[in-house]
Amino acid sequence: MFAYEINSGFSMDELIPYFMRVATTFHREKREFYGDGWKVRLIQMPDAIHHSIVLPSTRIEFFGEKDACAKVIDAYRKAFMRGGA
């Protein structure tokens, strides 16, 4: 089984709707999302504090078939790519 994690600077409020759209099924209370050959788990982490800036922090864990996970990871990165905004 393939496993990969990303420490994301996006909040649960942004990530949950995205993964609800791309998943075929999900378990909202567990924050787990399932697709064809993959599973994603979202874990709320403590906010990152840099002086007066507070950034959300969420760990995204990907599990499943390597090719299926690679597609979901690539799509996630494209969907959440931002250039300083």
Side-chain angles (χ1 to χ4, degrees):
M1 175 192 278
F2 177 79
Y4 187 80
E5 73 177 47
I6 295 174
N7 291 317
S8 172
F10 294 97
S11 70
M12 287 282 188
D13 290 343
E14 293 177 275
L15 294 171
I16 288 173
Y18 171 76
F19 283 109
M20 286 176 70
R21 284 191 305 274
V22 300
T24 54
T25 59
F26 62 92
H27 191 286
R28 187 175 204 124
E29 292 78 28
K30 288 186 175 183
R31 298 181 184 131
E32 292 181 348
F33 304 85
Y34 309 90
D36 188 21
W38 60 269
K39 170 182 154 181
V40 166
R41 181 183 312 138
L42 302 178
I43 300 170
Q44 183 68 55
M45 303 300 289
D47 289 342
I49 301 172
H50 302 280
H51 302 285
S52 63
I53 299 171
V54 179
L55 301 171
S57 183
T58 306
R59 180 182 308 139
I60 307 170
E61 297 179 337
F62 299 85
F63 304 96
E65 299 169 12
K66 186 174 184 174
D67 290 341
C69 286
K71 289 177 185 176
V72 175
I73 292 166
D74 186 49
Y76 158 78
R77 287 184 169 147
K78 287 178 184 172
F80 285 87
M81 188 181 316
R82 296 192 182 150

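We're numbering straight along the sequence, starting at 1.
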For the student: nearest non-hydrogen atoms of [X] and [Y], plus distance:
X   : Y   : value
A23 : F33 : CB-CB, 3.8 Å
D47 : P56 : OD1-CA, 3.6 Å
S57 : P46 : CB-O, 3.3 Å
G64 : C69 : N-SG, 3.6 Å

### Query
How about F10 and Y18: are their ring centres within less than 6.0 Å of each other?
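No.
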### pair I6-Y76: side-chain heavy atoms closer than 4.5 Å
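They are in side-chain contact.
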### Task
Answer yes or no: is there a side-chain heavy-atom contact under 4.5 Å between R31 and L15?
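Heavy-atom side-chain distance check fails, nothing below 4.5 Å.
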In the single-linkage hydrophobic clustering (I, L, V, M, F, W, Y; side-chain heavy atoms under 4.5 Å), do [X] and [Y] co-cluster?
X   : Y   : value
I60 : F2  : yes
V22 : F63 : no
M45 : V40 : no
I43 : F80 : no

### Message
Taking atom CG as the centre, does D74 end up with more than 12 heavy-atom neighbours from other residues, nucleotides or ligands that are less than 6.0 angstrom away?
### Response
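More than 12 within 6.0 Å, yes.
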### Query
Has D36 got more than 12 heavy atoms of other residues, nucleotides or ligands less than 6.0 Å from its CG?
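Atom CG in D36 is not packed in, count stays at 12 or less.
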### Task
Look up atom NZ in K39 and atom NE2 in H27, then write down how far apart they are to the nearest 0.5 Å.
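Between K39 NZ and H27 NE2, I get 10.5 Å after rounding to 0.5 Å.
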#### Entry: ring pair (Phe, Tyr, Trp, His ring centres under 6.0 Å) against F26, all qualifying residues, sequence neighbours excluded
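F26 satisfies ring pair (Phe, Tyr, Trp, His ring centres under 6.0 Å) with no residue once adjacent residues are dropped.
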### Query
Among all residues two or more places apart in sequence or in another chain, which pass the side chain to side chain contact (heavy atoms under 4.5 Å, CB included) test with H50?
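With sequence neighbours excluded, H50 shows a side chain to side chain contact (heavy atoms under 4.5 Å, CB included) to A48, L55, given in chain and number order.
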### Message
Please enumerate all residues that pass side-chain hydrogen bond (donor to acceptor under 3.5 Å, both in side chains) together with R41, with sequence neighbours excluded.
### Response
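So R41 forms a side-chain hydrogen bond (donor to acceptor under 3.5 Å, both in side chains) with E32, E61.
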### Task
Apply side-chain contact (heavy atoms from CB on, under 4.5 Å) to T58 and E14, showing your working.
CA-CA 10 Å; T58 306; E14 293 177 275; over 6 Å; no
